[in-house]
2 protein chains.
Amino acid sequence: MSAPASKSPATLHDVAREAGVSLATASRSLNGSARKVNEAYRERVVEAAQRLGYTTNLFAQAVAKGSTTTVALLVADIADPYFSSIAAGVIDAASEENLVVTIAVTGRNAQRELETVRALRGQRPRVMILAGSRPTASAFQEELRAELTAFEDTGGKAAFISQDAPPFATVLLDNRRGAHDLAVSLAELGYRDVAVIAGPSEIRTAEERLDGFTAGLAEHGILLTPERIIQADFTRDGGYRGAQELLASGLAVDLIFAVNDVMAVGVVSALRNAGVVPGEEIGVAGYDDIPTVQDITPALTTVRIPLEDVGRRALRLATGSASSGAGTEAGDGPGTIPMKTILRESTPRRQA
Amino acid sequence: MSAPASKSPATLHDVAREAGVSLATASRSLNGSARKVNEAYRERVVEAAQRLGYTTNLFAQAVAKGSTTTVALLVADIADPYFSSIAAGVIDAASEENLVVTIAVTGRNAQRELETVRALRGQRPRVMILAGSRPTASAFQEELRAELTAFEDTGGKAAFISQDAPPFATVLLDNRRGAHDLAVSLAELGYRDVAVIAGPSEIRTAEERLDGFTAGLAEHGILLTPERIIQADFTRDGGYRGAQELLASGLAVDLIFAVNDVMAVGVVSALRNAGVVPGEEIGVAGYDDIPTVQDITPALTTVRIPLEDVGRRALRLATGSASSGAGTEAGDGPGTIPMKTILRESTPRRQA
DNA sequence: GGTAGCAGAGAAAGCGCTTACCGAAGCCTT
DNA sequence: AAGGCTTCGGTAAGCGCTTTCTCTGCTACC
């Protein structure tokens with residue numbers, strides 16, 4: 001049952017001996033060094049390494065070099081398609097730069113997020129990317145900021161996604177504008193009795209979407225009164241319950257906008273279970289354009305965010321390999337991601 | 001534009017000096033050591049560490065200790081809900097044991113997988129978890145096996161998910177039985193003209209599901225002829241095209257089973273676009289029970305796998321903290337995950 | 001032919017941490 | 001009261017790498 005006396009992995013030392021060269025030469029041969037190495041030597045070293053199944057111990061390398069090849073990514077929930085798509089982008093861009101990605105999940109919990117950041121700092125990652133944090137909770141806000149500042153002071157780089165956290169880099173999603181445009185489109189389609197399933201108020205993203213949406217409606221003379229705004233928690237079930245609550249309230253409603261798709265899916269389900277035909281009797285719109293929403297019935301109107309791109313962008317922004325200009329619409333300001341309203345069956349034109 | 005002369009992070013040395021104790025004492029105070037430390041000293045050290053914003057450099061610790069706190073997870077595609085759910089489980093279980101998880105994606109590419117394993121080895125992870133590999137491709141198979149063997153020989157532990165790779169630990173999903181039971185249920189519902197959207201033949205999981213399904217049908221006298229089996233690639237689009245192909249073939253079909261849900265979703269979409277009402281004219285079934293499938297119309301019949309559990313289990317299996325017995329059905333053999341057929345609207349009882 | 005100059009291998013000093021090992025101090029035993 | 005234990009700081013030797021610096025052996029130039 002017990003493991004066989006496991007030899008430890010081959011070290012550079014072993015390789016050097018095997019190749020009959022010095023430690024220094026071995027190091028220089030294997031890991032790109034500024035200095036040149038005699039080609040014959042290099043070959044011998046490479047062969048020896050191969051023979052011994054040697055792989056550079058990245059930890060040792062990191063301590064010697066004083067810098068790592070790690071990227072830390074914090075997400076609220078990796079099983080949520082919003083975050084997993086972003087993660088895919090981050091990982092993709094990272095592997096292009098030979099960086100490995102460590103993922104931690106914070107469960108939308110500020111306390112936990114702070115702890116995670118602290119723990120992750122021990123890894124001395126080159127960069128830290130935070131998605132889905134809720135920095136509005138000001139007590140933690142301060143501590144988090146302090147922690148990240150310390151991180152940056154010691155050579156790291158922090159980047160936020162969709163969260164404008166002033167001293168730090170951000171991949172800005174123009175949630176306000178996206179939601180605004182969506183509202184305008186919907187108003188033009190004839191919707192008037194609008195309700196919103198909002199997100200947790202401490203989450204900036206949620207707040208911005210609500211704001212933008214409200215503003216867009218206002219331009220068409222539609223007022224979003226407080227009782228038409230239901231708070232939920234970004235989950236499918238939250239959306240479901242929100243819709244139920246709305247139906248129970250007896251308010252006249254011809255459109256429900258959930259500030260993210262996951263909740264919108266819950267809304268659709270709730271409506272149907274309540275005997276309301278989504279899309280016909282009540283329109284439904286979401287936000288994010290996660291893959292699911294084009295497959296449900298009715299296909300959901302939403303706002304598309306190129307999530308993988310966002311992830312990639314965040315990484316590049318943080319590592320400094322910013323492909324400046326690419327993808328950034330002129331006038332959007334640097335780093336702002338374009339979004340697009342996608343109208344689908346869930347919000348047909350309203351017969352007046 | 002350039003960063004301010006960034007001081008490097010505080011070291012243990014700094015802490016020791018600040019607290020007026022020796023390096024050794026500082027180390028012992030901060031990182032659980034077998035030996036006792038005078039409480040007064042310990043406090044001073046802890047305070048000093050706090051004051052300096054010190055966090056143990058895990059890399060240095062790892063090189064000194066000769067062991068890390070890293071877990072490497074390889075998945076085919078992190079944006080696929082199948083894998084992201086597993087990842088969620090792995091991360092959850094890992095954080096319980098204070099391990100950090102590094103995720104790499106291999107894109108269902110054997111070559112890439114091999115390279116990734118090699119690269120990840122450099123991190124000297126405690127364990128490596130492989131999900132969605134395709135070890136049937138025998139050339140790489142050998143090399144991969146060799147690499148992993150070397151990994152284990154040097155103290156690591158490799159674990160596969162849903163992939164029986166003999167010398168290594170595995171969280172076995174009884175795909176064969178799950179698919180078998182599904183087939184039986186469907187046959188009992190009256191389906192006869194069955195077709196399958198199979199997965200890539202090198203992927204064991206795909207193969208097992210096809211096998212089990214075929215066997216289940218056979219018990220009810222239903223023969224699955226080769227032209228009724230379409231190969232696809234586990235993606236939504238693959239399922240979509242598979243269904244198109246099937247429709248174009250002119251075969252009589254009353255049920256399409258896609259070996260994973262993601263493809264099944266594509267099938268539903270293809271049917272509908274071709275003017276066929278899924279669930280009524282042709283039944284559809286999938287496998288995995290990803291969240292989406294209960295929200296699409298018709299809700300899909302599928303086989304439920306407790307994916308997060310699978311991830312958790314894999315981690316525990318690999319770290320040795322096996323909660324033996326928990327969740328394992330007696331007689332299933334250790335480590336086999338129970339699965340359950342979920343019948344939904346997409347496969348109503350067939351009128352004879 | 002002699003000296004300057006350069007290329008490039010090797011020795012050795014770290015990187016930040018852990019952990020034998022050493023030795024001073026306090027306690028007990030007889 | 002003296003020797004032997006136990007306790008617990010501190011010293012220093014690594015862990016597996018990188019990198020500076022030294023030093024040898026050439027080539028090159030006049």
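Letters A, B, ... mirror the listed sequences (proteins, then strands); counts begin at 1.
A donor-acceptor contact under 3.5 Å is not formed by the side chain of R124(B) with the base of dG16(D).
When rounded to the nearest whole Å, the span between CZ of R17(B) and C1' of dG16(C) equals 14 Å. Distance L12(B) CG to dT18(C) P: 6 Å, rounded to the nearest Å. In this structure, the CG atom of L23(B) is 13 Å from the C1' atom of dC15(C), given to the nearest Å. Atom NE2 of H13(B) and atom C1' of dT11(D) are 13 Å apart (whole Å). In this structure, N38(A) places its CG atom 13 Å from P of dT27(D), rounding to the nearest Å. Nucleotide dA20(C) holds its C1' atom 15 Å from the NZ atom of K65(B), rounded to whole Å. Between R42(B) atom CZ and dC8(D) atom P the separation is 12 Å, expressed in whole Å.
Around CD of Q50(B), the count of heavy atoms belonging to other residues, nucleotides or ligands within 6.0 Å does not exceed 12.
The closest side-chain heavy-atom distance from F151(A) to V117(A) is not below 4.5 Å.
No hydrogens or angles considered: nothing links the side chains of T116(A) and T106(A) as a donor-acceptor pair under 3.5 Å.
Ring geometry for F59(B) versus F59(A): interplanar angle under 30°, hence parallel rather than tilted (30 to 60°).
In the helix from dG1(C)-dC30(D) to dT30(C)-dA1(D), the terminal helix axes, each the rotation mapping four pairs' C1' atoms onto the next four within five end pairs, subtend 40°, rounded to 10°.
Under the salt bridge (charged side-chain N to carboxylate O under 4.0 Å, His left out) criterion, the residue pairs touching residues 51-60 of chain B are E18(B)-R51(B), with sequence neighbours excluded.
At dG9(D), none of the side-chain N or O atoms of S22(B) fall inside 4.0 Å of OP1 or OP2 (strictly under the cut-off). T25(A) has a side-chain polar atom (N or O) that falls below the 4.0 Å cut-off from OP1 or OP2 of dG10(C). Between dC17(C) and N31(B), no contact under 4.0 Å exists linking OP1 or OP2 to a side-chain N or O.
Using a 4.0 Å heavy-atom distance criterion, Y41(A) is classed as a sugar-phosphate-only contact. Within the 4.0 angstrom heavy-atom criterion, base atoms lie near S27(B).
By the ring-ring contact (aromatic ring centres under 6.0 Å, His included) test, Y41(A) is found to be paired with no residue, residues two or more places apart in sequence or in another chain being considered.
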